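The structure under discussion appears below in the form of structure tokens.
Note that the structure is a prediction, hence the values are computed from the model and not measured.
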Amino acid sequence: MASNATDTLLAHDYFAEIEDFLLNYRDESGEHKYRELIRRMILEERYDIEISFMDIVNYNPKLVEEYIVKDPESAIIKFAEAVKHIIELYYPEYLDKISRIIPRFKDIPLLYKIRDIRSILIGKLVAVEGIVVRATPPKQKMVEALFIHECGSEIYVPITGDAIDKPMICPMCQRSSGSWRLIEERSRYRDFQRIVIQEKPEEMPAGRMPRSLEVDVYDILVDIARPGDRVIVIGILKLRGGGAKRVKSLYDIFLEANNIIVSQRMLEEIEISKEDEERIKELAKDPLIRRKIIASIAPAIHGLWDLKEAIALLLFGGNQKILPDSTRVRGDIHVLIIGDPGTAKSQLLQYVSRIAPRAVYTTGKGATAAGLTAAVIRDKQSGEYYLEAGALVLADGGVACIDEIDKMREEDRVAIHEAMEQQTISIAKAGIVARLNARTSVLAAGNPRYGRYLPSRSITENVNLPPTILSRFDLIFVVKDIPNPEKDSRLARHISAVHSYSEVVKPFIDVDTLRKYIAYARKYIKPVLTEEARKMLEDFFIEMRKRSLETPDSPITITARQYEALIRLAEAHSKMALKNEVTEEDAAEAIRLMKSMLESVGIDV
């Protein structure tokens with residue numbers, strides 16, 4: 001009995017401390033932060049309030065150490081009661097409008113990877129990072145069941161877990177016998193959704209299967225994240241018991257979400273500090289910065305300067321434009337490499353998948369249309385269908401590296417057409433009609449049809465790819481392996497240096513700095529075309545169209561896509577030096593690369 005009294009006292013003490021924090025915490029500007037947040041919550045007619053974990057740590061660390069960390073479920077209830085009490089004091093009429101208050105925590109300092117979750121964390125408040133790969137449609141979960149006894153008495157029974165238990169004794173007639181009837185319409189419900197989050201591809205240890213974690217989502221958090229979104233889920237780790245009659249000894253772990261923070265897509269994962277920013281701006285002042293960036297891409301691979309420049313431009317990308325009529329013009333650059341065996345194509349792709357701020361690597365032979373885009377999968381337990389995101393959706397805002405693209409089945413290859421130009425993936429299967437974002441650059445590599453590239457034949461005969469997909473690539477490079485004594489001796493010396501860990505293969509800019517430089521340029525630099533650059537690109541495009549008339553069976557038809565590609569390449573070239581204008585120099589380099597590409601595929605420019 002004494003123990004219960006102590007517990008109540010402790011709880012009361014914490015209630016007072018929580019209320020004190022909510023009423024008296026001031027931010028840097030001296031404002032009462034949470035009083036203002038409660039006021040705003042009432043104005044917006046919401047029933048949830050976000051509470052920063054770091055604010056509690058700064059104001060009352062004892063509250064965090066002794067209470068929130070040890071008993072988060074009780075702490076969330078106490079925070080809700082404290083908010084309710086404040087509303088009762090200042091805005092009592094609002095309580096009639098809402099049935100509950102939900103406090104949501106954010107800014108939890110320690111982030112867990114899905115791979116690091118163990119049984120010691122059960123019942124604790126944790127923040128877990130991952131990618132949403134599946135989401136069930138929203139459902140309604142009963143939280144309080146209304147039962148009517150045969151004597152006419154009504155009783156609400158709270159539901160914990162998945163099973164509904166009938167009352168043991170009727171409170172009116174005190175009988176344990178008699179039939180109970182469940183009144184579904186008058187029972188109380190909450191919006192519910194189950195999502196599955198998976199490890200980020202770039203954080204997965206090599207050669208391991210990706211781990212995933214189920215998350216139960218309620219109320220306003222339902223439908224906040226879609227497949228392909230990168231999220232931080234804050235919640236309490238719980239065990240899902242079996243519904244079998246016999247008690248099981250094995251349980252599945254799941255996370256009951258308290259808050260979901262969808263990362264602002266693209267480049268939020270790379271943190272750029274003030275020192276990093278200064279270093280990036282210092283690097284950009286170097287007149288040879290572009291050459292240094294290109295030379296830092298896959299330094300272990302000898303030569304292939306134009307190809308490395310194309311990859312650098314792909315990593316920086318052009319500007320995405322959304323027109324007044326909501327038409328989206330892509331800014332991502334797509335590059336295709338067709339090369340003889342042993343020309344380091346796969347090594348280049350592997351390198352890009354490591355250096356790009358967000359990347360997914362896959363090979364054509366092991367990729368299906370559903371695996372690349374999105375799949376509709378049936379849940380074994382409920383029999384419902386749900387969406388599962390594929391590689392191009394997971395690479396949203398980054399780079400998708402597709403090796404052996406020529407080995408893909410024709411019907412699977414068609415699936416990437418929409419993703420490459422419209423940057424979305426539409427799916428209509430099993431009653432699910434959805435459109436997911438796939439704003440990704442595609443870097444693809446393949447072998448020629450006959451094993452080696454035959455100069456006597458045209459590129460269409462050499463490449464096992466249809467013109468529909470070839471026209472979607474901004475740049476196509478043919479890498480031929482032609483013996484040349486001078487080149488071969490340089491190549492042999494370079495390979496020997498690589499194998500002896502020589503200084504020769506040390507990049508000018510280290511990988512970490514280069515990733516931050518790319519992320520910074522993509523996020524903050526949006527160069528604009530100058531009039532001179534525009535005129536230069538237009539003249540070249542018109543000249544190319546004239547030439548394409550002379551070679552009507554050209555494998556790469558010169559279309560408006562090629563002109564857009566020129567603009568994107570010029571913008572990316574300008575971004576490499578962190579410039580805000582696309583000058584004639586950038587336009588000239590885009591034209592040079594385009595000419596180099598057309599010559600490599602056998603078109604006389």
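To the nearest 0.5 Å, atom CG of residue D586 and atom OG1 of residue T530 are 8.0 Å apart. Remark: E589 CD to L313 CG distance equals 7.5 Å, nearest 0.5 Å. To the nearest 0.5 angstrom, I525 atom CD1 is 8.5 Å from K575 atom NZ. Distance check, rounded to the nearest 0.5 Å: CD1 of I518 to CD1 of I355 gives 5.0 Å. Rounding to the nearest 0.5 Å gives a distance of 8.5 Å between OG of S574 and CG of N319. In this structure, CE on M420 lies 9.0 Å from CZ on R561, to the nearest 0.5 angstrom.
Between K33 and E28 there is no salt bridge, since none of the side-chain N atoms of the basic residue sits less than 4.0 Å from a carboxylate O of the acidic one. Taking a cutoff of 4.0 Å between a charged side-chain nitrogen and a carboxylate oxygen, E538 and R534 qualify as a salt bridge. Looking at D286 and R291, no side-chain N of the basic residue comes within less than 4.0 Å of a carboxylate O on the acidic one, giving no salt bridge. Between E282 and K285, at least one side-chain nitrogen of the basic residue sits less than 4.0 Å from a carboxylate oxygen of the acidic one, meeting the salt-bridge criterion. With salt bridges taken as basic N to acidic carboxylate O contacts below 4.0 Å, none links K113 and E129. Between E571 and K526 there is no salt bridge, since none of the side-chain N atoms of the basic residue sits less than 4.0 Å from a carboxylate O of the acidic one. With respect to the salt-bridge test (charged N to carboxylate O, under 4.0 angstrom), the residues E50 and R104 do not qualify. Between K281 and E277 there is a salt bridge, since at least one side-chain N of the basic residue sits less than 4.0 Å from a carboxylate O of the acidic one. Salt bridge annotation for D332-R568: absent, with no cationic side-chain nitrogen under 4.0 angstrom from a carboxylate oxygen. Salt bridge annotation for D276-K516: present, with a cationic side-chain nitrogen under 4.0 angstrom from a carboxylate oxygen. Under a 4.0 Å N-O distance rule, the pair E44/R46 qualifies as a salt bridge.
Remark: the backbone N or O of G130 is not paired with any side-chain donor or acceptor of Q198 at under 3.5 angstrom. No side-chain donor-acceptor contact under 3.5 Å links R522 to the backbone of G317. H334 places a side-chain N or O within 3.5 Å of a backbone atom of V442 that can act as its donor or acceptor partner. A donor-acceptor pair under 3.5 Å is absent between the side-chain atoms of Y361 and the main chain of R354, judged by distance alone. In this structure a side-chain-to-backbone donor-acceptor pair under 3.5 Å is present from S296 to K292. Although no hydrogens or angles enter the test, the distance criterion places a donor-acceptor pair under 3.5 Å between the side chain of T440 and the main chain of A400.
The number of heavy-atom neighbours closer than 6.0 Å to CD of E581, taken from other residues, nucleotides and ligands shown, is 12 or below. Taking a 6.0 Å sphere around CD of Q347, one finds it holds 12 or fewer heavy atoms contributed by other residues, nucleotides or ligands.
Residues V128 and I197 are in side-chain contact: their nearest non-hydrogen atoms beyond the backbone lie under 4.5 Å apart. Residues D474 and L314 fail the side-chain proximity criterion, which asks for heavy atoms closer than 4.5 Å. In this structure the side chain of E309 never reaches within 4.5 angstrom of the side chain of M576, judged on heavy atoms. Residues I338 and P448 meet the side-chain proximity criterion, which asks for heavy atoms closer than 4.5 Å. Under the 4.5 Å side-chain criterion, counting only non-hydrogen atoms from C-beta, T373 is not in contact with V393. Here the side chains of L566 and M594 are in contact, with some heavy-atom distance below 4.5 Å. Looking only at side-chain heavy atoms (C-beta outward), R439 and R330 stay at 4.5 Å or farther from each other. Looking at heavy atoms from C-beta onward, V582 lies out of side-chain contact with V528 at the 4.5 angstrom threshold.
The minimum heavy-atom distance linking I232 with A127 is given by the pair CG2-CB, 4.3 Å. Considering every non-hydrogen atom in both R290 and A577, the closest pair reads NH2-CB, 3.5 Å. Shown here for G339 and N447, the closest heavy-atom pair between the two residues is O-ND2, 3.4 Å. Among all heavy-atom pairs drawn from Y517 and A284, the shortest one is OH-CB, 3.6 Å. A570 and A590 get closest at one heavy-atom pair: N-CB, 3.8 Å. Annotation for L593 and F477: closest pair CD2-CZ, 3.9 Å, computed over non-hydrogen atoms.
With sequence neighbours excluded, no residue forms a salt bridge (charged side-chain N to carboxylate O under 4.0 Å, His left out) with R40. With sequence neighbours left out, the salt bridge (charged side-chain N to carboxylate O under 4.0 Å, His left out) criterion links D403 to no other residue.
Each of L475, I405, I402 was compared with L336 under the side-chain contact (heavy atoms from CB on, under 4.5 Å) criterion, and only I405 meets it.
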Run the side chain to side chain contact (heavy atoms under 4.5 Å, CB included) check on R230 and V262 step by step: do they pass? CA-CA 6 Å; R230 288 169 180 237; V262 180; over 6 Å; no
Is there a salt bridge (Lys or Arg N to Asp or Glu O under 4.0 Å) between E585 and K579? Walk through the geometry before answering. CA-CA 12 Å; E585 176 201 7; K579 292 194 310 185; 3.6 Å; yes
Steps toward side chain to side chain contact (heavy atoms under 4.5 Å, CB included) verdict (D340, V479): CA-CA 6 Å; D340 291 342; V479 186; over 6 Å; no
Please walk me through it: do I297 and L315 pass side chain to side chain contact (heavy atoms under 4.5 Å, CB included)? CA-CA 10 Å; I297 286 176; L315 287 167; 4.2 Å; yes
Under the side chain to side chain contact (heavy atoms under 4.5 Å, CB included) rule, what do I476 and I337 come out as? Steps first, then yes or no, please. CA-CA 6 Å; I476 298 171; I337 310 164; over 6 Å; no
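By the 30° and 60° cut-offs, the orientation of the rings of F541 relative to Y563 is tilted.
Side-chain atoms of E532 and T583 form no donor-acceptor pair, as typed in the model, at a separation below 3.5 Å.
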